[in-house]
Number of protein chains: 2
Amino acid sequence: MLRRLVTITIKDVAREAGFSVATVSRVLNNSGPVRDETRRRIEEVASRLRYAPNVAARSLITRKTLTIGVLLPDLYGEFFSEVIRGIDRAARIGGYHLLVSGSHNDREEIEAAVHAMHGRVDGLIVMSPGLEPRSIVAGLPRRLPLVLLNCEEGSNGIDSVNVDNYGGAREMVQHLLGLGHQRVAIIGGAADNYDARERLRGYRDAVEAEGGTVYEELLVEGDFTESSGHKAARKLLGLDPRPTAIFAANDSMAIGALSALREAGVVVPEQMAVAGFDDIPIARYVSPPLSSVHVPIRGLGVRAVERLLLAMTDLMEKTREVLPTRLVVRESCGGSTVDARKTASAEARRIEGAHNPEEVVKT
Amino acid sequence: MLRRLVTITIKDVAREAGFSVATVSRVLNNSGPVRDETRRRIEEVASRLRYAPNVAARSLITRKTLTIGVLLPDLYGEFFSEVIRGIDRAARIGGYHLLVSGSHNDREEIEAAVHAMHGRVDGLIVMSPGLEPRSIVAGLPRRLPLVLLNCEEGSNGIDSVNVDNYGGAREMVQHLLGLGHQRVAIIGGAADNYDARERLRGYRDAVEAEGGTVYEELLVEGDFTESSGHKAARKLLGLDPRPTAIFAANDSMAIGALSALREAGVVVPEQMAVAGFDDIPIARYVSPPLSSVHVPIRGLGVRAVERLLLAMTDLMEKTREVLPTRLVVRESCGGSTVDARKTASAEARRIEGAHNPEEVVKT
DNA sequence: TTGTAGGCGTTATCAG
DNA sequence: CTGATAACGCCTACAA
């Protein structure tokens with residue numbers, strides 16, 4: 001009988017099975033040739049003893065941790081949590097664990113977090129839209145596989161997975177202009193945020209492409225939170241003349257704006273069209289259902305892991321990958337092909353079978 | 001000059017500084033006595049060489065990983081992500097890393113995840129409202145510090161941090177009844193979910209305490225998602241007589257219900273009162289702002305970590321801790337002290353300075 | 001105050 | 001096919 005209450009090691013298994021630790025190791029790792037009978041015996045003993053290899057010892061010699069590090073600006077909200085969900089699934093499928101850390105906005109915090117993760121991970125996924133890619137890479141241990149999420153261009157030699165912020169924003173604003181809106185306002189994200197800048201650029205180009213003018217007073221800065229969207233919308237309501245449409249650079253701010261409009265008695269979309277960006281899952285359930293630019297949020301996470309796993313095998317060349325977005329028109333911008341008032345009939349809906357039959361997807 | 005591009009170890013530091021590895025180790029860990037001059041020299045060399053101790057080697061001998069494992073049913077959504085945020089902050093303050101994993105609903109998945117984390121973490125935080133505490137503990141390595149989140153009672157000898165599901169639900173339903181509603185419906189969570197069962201129990205007791213009857217047709221089961229809330233609300237709308245109030249067992253379902261009501265042309269709260277549970281951050285921004293039972297979500301995570309860290313020092317006795325909830329009355333249930341129609345004036349709001357001055361908190 | 005040396009649990013490289 | 005045995009990098013008695 002072997003000692004209990006004490007960690008049992010490969011030696012215990014070897015002794016109990018009547019073989020050497022080398023052979024046990026070969027069985028457990030499927031490395032090297034082992035006679036079938038031997039394998040059976042060792043496996044039996046190992047499972048009977050509930051043997052579990054010591055992770056530290058193993059990674060000390062293999063120099064692998066089977067862990068991926070994830071650094072995000074925040075862990076909270078429908079966006080980030082959906083990214084993490086994607087990462088989690090893909091990582092598990094690949095047999096990797098996830099070491100996560102949030103709240104990394106400035107360079108020092110990032111460096112501290114990376115430093116702390118050093119030696120604990122085989123690769124890193126970093127999203128930090130406020131920092132230049134080069135600056136992130138600079139503070140990193142050489143040779144550590146890395147994939148950046150939503151980072152600036154001009155980062156040759158760095159792997160990254162990105163969302164088509166510019167194209168998505170441009171398409172949405174074009175859509176709003178096409179509905180006849182002359183004064184489309186934008187609630188942007190922080191100026192030091194790359195995603196925010198790109199979405200703003202898309203807005204500008206869309207307006208100018210239509211021969212319109214970008215009025216500076218229609219550009220309000222938020223910070224991607226509901227409360228900032230709420231505040232920004234109030235500001236826009238004070239303008240004279242008022243805008244007739246608001247494009248928020250993300251859904252959270254759009255929802256904050258909807259809340260402010262409702263408080264002010266402004267009816268959406270009749271008196272004011274509203275649109276967001278990201279198409280977070282809740283977007284279709286707010287009132288009125290929010291038009292948005294669909295972003296494959298979970299796919300962003302999944303893809304990041306896939307790319308990282310490839311980078312770890314060193315086979316791939318570093319590239320910048322851009323995931324396409326898709327316009328999703330719901331009621332909030334009044335551009336649906338189905339008259340919004342028809343939605344008062346739940347019956348009509350049931351017949352069509354879908355949740356939001358009036359939802360229209362453009363390319 | 002020392003070799004580059006190769007891991008540098010404590011030996012390198014020792015050689016370069018002219019001391020033994022033992023002394024270097026003492027300096028780096030502040031263990032044992034070291035002469036000031038020696039310490040300075042070694043620290044200088046270590047930082048010049050950018051020496052970083054090998055995590056695996058260290059934890060092989062110390063038998064510590066400085067990592068906390070977190071197992072959740074899901075990583076997605078305002079609730080779970082807020083819990084994680086709390087855990088992340090508290091863990092970082094305590095100097096711990098976070099190994100997370102989502103999608104663990106049945107016993108096998110939990111056991112597999114725990115097994116995989118074995119040896120990688122110093123302690124575990126597990127939320128699995130669908131499993132009995134004993135069953136979770138059974139599949140766990142002995143001696144591994146553990147804190148359960150929102151688990152059933154009757155788990156003596158197990159640490160847990162919980163939300164007062166019963167009390168919160170009861171209070172909310174009492175409030176609705178107090179507003180004069182005779183037929184209050186509930187959109188519950190899945191029957192195998194502990195939180196859901198407790199909230200349902202609170203509902204039942206509140207109704208019966210008021211001498212009312214619990215009508216079975218007013219009990220509709222959801223699964224905590226917006227879409228299930230949407231579906232459930234449609235079902236309730238088909239009833240005759242209709243309920244006049246809907247209590248959803250969480251905010252996501254309440255939001256789904258609001259969406260269904262709006263589609264059906266039912267005005268909230270005039271024609272139907274709606275209330276949720278959790279008070280996720282977005283609750284105050286939906287239309288109309290959602291009454292809810294405030295749960296200290298982030299605090300749940302923070303507290304779990306605090307308790308786990310204590311459990312790891314083995315000083316505390318195992319207890320079941322219950323965090324109090326708080327009723328938050330907003331417009332969706334019509335029970336606000338401020339007439340909802342006043343909210344049409346954004347100006348009035350600005351004067352009061354607060355976002356939602358009509359928000360009322362009861363105890 | 002400092003150095004020597006043993007051992008943590010595995011894997012990997014050799015012989016046999 | 002199997003078995004010694006040397007790393008892996010670090011901590012920690014025990015000596016000096």
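Residue numbering restarts at 1 for every chain, and letters A, B, ... go by the order of the sequence lines. Keep in mind that this is a model prediction, so the values were computed, not measured.
- Note: CG (A:N29) to P (C:dT13) measures 13 Å, nearest angstrom.
- Side-chain N or O atoms of B:N162 include none that pairs as donor or acceptor with a backbone N or O of B:V322 at under 3.5 Å.
- One can place CG of A:D12 at 9 Å from P of C:dG9, the figure rounded to the nearest angstrom.
- Distance A:L60 CG to D:dA6 P: 17 Å, rounded to the nearest Å.
- The phosphate of D:dT2 has OP1 or OP2 within less than 4.0 Å of a side-chain N or O from A:T38.
- Between the CZ atom of B:F19 and the P atom of D:dC11 there is a distance of 18 Å, given to the nearest Å.
- Note on B:R85 versus B:D88: no salt bridge recorded, every NZ/NE/NH1/NH2 to OD/OE distance being 4.0 Å or above.
- In this structure, the side chain of B:N165 does not engage the main chain of B:A196 through any donor-acceptor pair within 3.5 Å.
- For A:R35 and D:dT2, the shortest distance from a side-chain N or O to OP1 or OP2 is below 4.0 Å.
- In this structure, A:S20 reaches the D:dG3 phosphate: one of its side-chain N or O atoms is under 4.0 Å from OP1 or OP2.
- Pairing each heavy atom of B:A17 with each of B:I42, the nearest pair is CB-CG1, 4.1 Å.
- Between the C1' atom of C:dA12 and the CG atom of A:N30 lies a distance of 16 Å, rounded to the nearest Å.
- Heavy atoms of other residues, nucleotides or ligands lying less than 6.0 angstrom from NZ of B:K318 number more than 12.
- Using a 4.0 Å heavy-atom criterion, one finds that B:R26 contacts the bases of the nucleic acid, with or without backbone contacts as well.
- Taking atom NZ of B:K64 as the reference point, atom P of C:dC8 lies 17 Å away to the nearest angstrom.
- Residue-to-nucleotide proximity on DNA chain D shows that, of A:A22 and B:K11, the 5′-proximal contact is made by A:A22.
- We find that CG of B:D36 is positioned 9 Å from P of C:dT1, with the value rounded to whole Å.
- Heavy-atom nearest nucleotides on DNA chain C were determined for B:G18 and for B:R63, and the one closer to the 5' end corresponds to B:G18.
- Rounding to whole angstrom units, CZ of residue A:R58 and P of D:dG9 are separated by 18 Å.
- Note on B:S31: nothing from the nucleic acid sits closer than 4.0 angstrom, heavy atoms only.
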